[in-house]
Amino acid sequence: MPGVLPIDAIFLRDDALTLQGRLAAAIVRAILETRASPGVRLPSSRKLAQAMGISRMTVTLVYQDLVSQGYLEALPRSGIAIAATVPHRRVNVAATAGVRTLDWNEWLSDQALPRRVIRKPSNWREFRYPFIFGQADPTLFDHNAWRDCARRALGTRDFSELAADRYGADDPLLIDYICSNTLPRRGFHAQPDEVLVTLGAQNALFLATELLARVDRLAVTEEPGYPDFAETLRRARSPTTFLPVDSIGLDPAMLPANTRLIIITPSHHIPTGATMPLSRRRELLLRANETDALIIEDDYDFEMSYLAPPAPALKSLDGSGRVIYIGSFSKSLFPGLRIGYMVAPAPFIARARALRAIMLRHPPSHLQRITAYFLALGHYDAHIVRLRQTLKERRRVLEEAIAMTSLQIEGAATQGGSSMWLSARGTDSADLAARLQEKSVLIEPGAVFFEEPPSPCPVFRLGYASIAADLIPEGVTRIDRMARKMAQAD
């Protein structure tokens with residue numbers, strides 16, 4: 001005869017926001033981990049509530065919810081028991097004995113790990129002075145508006161459309177907004193068959209490089225530059241030249257004559273913030289035409305232009321279709337969103353869509369639709385205005401704080417941005433960053449942005465999107481104090 005599930009098999013963890021959610025997770029976990037048989041009864045709501053020190057009503061509501069999910073069933077005059085319809089019941093199968101251990105190093109011998117990876121501590125929010133780039137400040141985001149857009153997207157009217165397999169197609173509302181609103185703001189237009197939604201800018205970069213990079217095509221990118229450019233080209237086994245960047249970006253005159261692929265961030269260079277002027281952009285396009293090269297433009301962080309109007313995208317000057325344009329909503333909204341887009345001539349987008357389809361079909365339809373509503377209803381524009389005002393003030397405070405120190409600004413976007421490229425002479429920024437963590441300060445060491453970093457490498461990136469303005473002066477003082485101490489020790 002089936003018994004009763006032991007109360008001590010049910011224990012709460014911090015795996016849900018509400019007590020009701022934590023209790024439901026604890027009961028499901030107990031059912032699966034004890035492999036209890038159908039018919040085994042649950043403790044009465046009164047006994048479980050007393051043992052847990054919680055309300056009996058909370059237990060009753062959780063039992064009812066798990067009955068509706070198929071984990072439990074109500075027995076006539078016998079309480080609550082484990083149902084025969086428990087989803088995902090665990091199966092315990094013993095491994096086959098005597099089998100040789102697999103050597104994964106042999107299987108993966110030609111798949112090198114990335115050499116250049118930007119790493120951010122997962123617990124960065126616990127630091128008092130997180131000068132970390134690319135993280136969102138939740139106080140600046142309109143959660144109610146996002147929640148309203150999510151309700152719209154998940155409502156009955158939209159659900160049947162979102163639940164269908166699009167077979168590689170993207171959300172028409174999102175594509176329409178990108179074509180009619182986003183791209184014209186960057187100075188050019190595109191048709192729906194010239195736009196592909198991606199899982200962020202990195203996914204777009206991977207698709208473009210996978211289609212275009214070859215062992216017999218020389219690629220050129222920036223030094224210092226975004227590490228993912230170098231790593232994506234390295235994975236494609238593409239011969240790559242890293243050209244130095246000055247105060248106005250990459251110099252087209254330095255492009256080798258046999259250049260076939262160029263990957264750049266002309267509007268807001270990573271990591272220095274340099275903006276390529278119109279004259280260089282035109283020269284770059286002329287050089288690309290001479291060498292029959294293609295250009296991948298990552299139009300990174302252009303929304304954060306609060307000191308001057310953003311320069312038109314390089315793509316806006318492209319009359320021959322040589323520029324593959326990459327944009328993203330993840331940086332301006334929140335990095336976990338992972339919604340980006342790629343714009344290029346229709347034949348290229350068709351190939352990219354086919355490649356994407358065998359990888360992931362398409363980015364989640366509900367996220368595309370939520371984003372589309374957020375954009376179309378004006379919430380995105382309001383968010384950008386709010387973000388620009390806040391970042392402008394934080395930058396002012398940061399510049400004033402730096403002016404009182406020995407730190408030197410090596411690069412900062414003249415139009416705005418959310419980071420600065422600094423140097424602490426006489427130090428290595430990796431060592432400086434490690435010591436600053438003990439003082440609850442986070443900075444980003446600069447070596448990762450170089451294919452061949454200087455040694456020691458004194459430069460580092462200081463982000464100010466995720467730190468409150470009133471904390472900036474003391475954080476900068478701590479950086480300067482530690483840098484001076486290290487320089488004097490040497």
Side-chain angles (χ1 to χ4, degrees), residues 115-121 123-124 126-135 222-227 230 242 244-249 265 268-275 301 391 394-414 416-490:
R115 288 165 39 189
R116 297 166 55 181
V117 179
I118 298 175
R119 301 190 186 281
K120 305 179 193 295
N123 64 335
W124 66 268
E126 299 173 10
F127 288 76
R128 183 163 176 77
Y129 308 98
F131 291 101
I132 209 76
F133 177 79
Q135 300 300 326
E222 302 153 328
E223 176 81 343
Y226 187 40
F242 296 86
V245 173
D246 59 26
S247 61
I248 55 174
T265 52
H268 185 160
H269 172 254
I270 303 172
T272 70
T275 297
D301 220 18
L391 291 179
R394 290 180 184 178
R395 174 166 169 147
R396 182 191 65 77
V397 174
L398 181 59
E399 288 178 333
E400 291 179 357
I402 292 171
M404 304 295 291
T405 71
S406 63
L407 304 174
Q408 295 189 352
I409 298 176
E410 300 292 343
T414 57
S418 57
S419 68
M420 285 191 183
W421 186 238
L422 304 180
S423 69
R425 300 293 170 83
T427 70
D428 183 84
S429 60
D431 188 14
L432 175 63
R435 297 192 189 195
L436 284 171
Q437 287 198 24
E438 300 174 1
K439 305 295 183 182
S440 200
V441 180
L442 284 181
I443 66 172
E444 292 188 276
V448 71
F449 298 99
F450 294 87
E451 183 69 8
E452 296 183 6
S455 183
C457 182
V459 288
F460 57 95
R461 183 166 65 173
L462 213 63
Y464 49 92
S466 55
I467 181 171
D470 61 338
L471 295 175
I472 289 175
E474 174 59 23
V476 171
T477 298
R478 294 190 180 199
I479 297 171
D480 180 54
R481 189 182 300 136
M482 183 61 72
R484 288 174 182 268
K485 182 179 179 180
M486 291 173 60
Q488 291 171 359
D490 290 342

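Not measured: the values here are computed from a predicted model. We use all heavy atoms of the structure for the numbers below, so side chains are in, but hydrogens, waters and symmetry mates are not.
Looking at every heavy atom in both residues, Ala447 comes nearest to Cys457 through N-SG, 3.7 Å. Residue Leu432 comes nearest to Ala424 through the heavy atom pair CD2-CB, 4.2 Å, listed as atom of the first residue, atom of the second, then distance. Looking at every heavy atom in both residues, Pro224 comes nearest to Trp421 through CG-CZ2, 4.5 Å. Closest heavy-atom contact between Met404 and Glu400: CG-O, 3.4 Å.
Considering OG1 of Thr272 and CZ of Arg461, their distance stands at 10.5 Å, rounded to 0.5 Å. In this structure, CD on Glu399 lies 7.5 Å from OH on Tyr464, to the nearest 0.5 angstrom. If you take CG on Leu391 and CG on Asp301, they are separated by 8.5 Å, rounding to the nearest 0.5 Å. Between Leu398 atom CG and Ser418 atom OG the span is 11.5 Å, to the nearest 0.5 Å. Note: Arg116 CZ to Glu451 CD = 5.0 Å, rounded to the nearest 0.5 Å. In this structure, the separation between CZ on Phe127 and CG on Leu471 is 14.5 Å, given to the nearest 0.5 Å.
At least one side-chain heavy atom of Phe131 sits under 4.5 Å from a side-chain heavy atom of Val476. Two residues are said to be in side-chain contact when any heavy atoms from C-beta on lie closer than 4.5 Å; Phe450 and Val459 meet this criterion. Side chains of Val448 and Arg119 form no contact here, defined as non-hydrogen atoms less than 4.5 Å apart. With a 4.5 Å cut-off on side-chain heavy atoms, Trp124 and Ser466 count as touching.
Glu452 and Arg115 are not joined by a salt bridge, as no carboxylate oxygen comes within less than 4.0 angstrom of a charged side-chain nitrogen.
In terms of modelled atom types and a separation under 3.5 Å, the side chain of Thr427 and the main chain of Ala483 share no donor-acceptor contact.
More than 12 non-hydrogen atoms from other residues, nucleotides or ligands lie less than 6.0 angstrom from NZ of Lys120.
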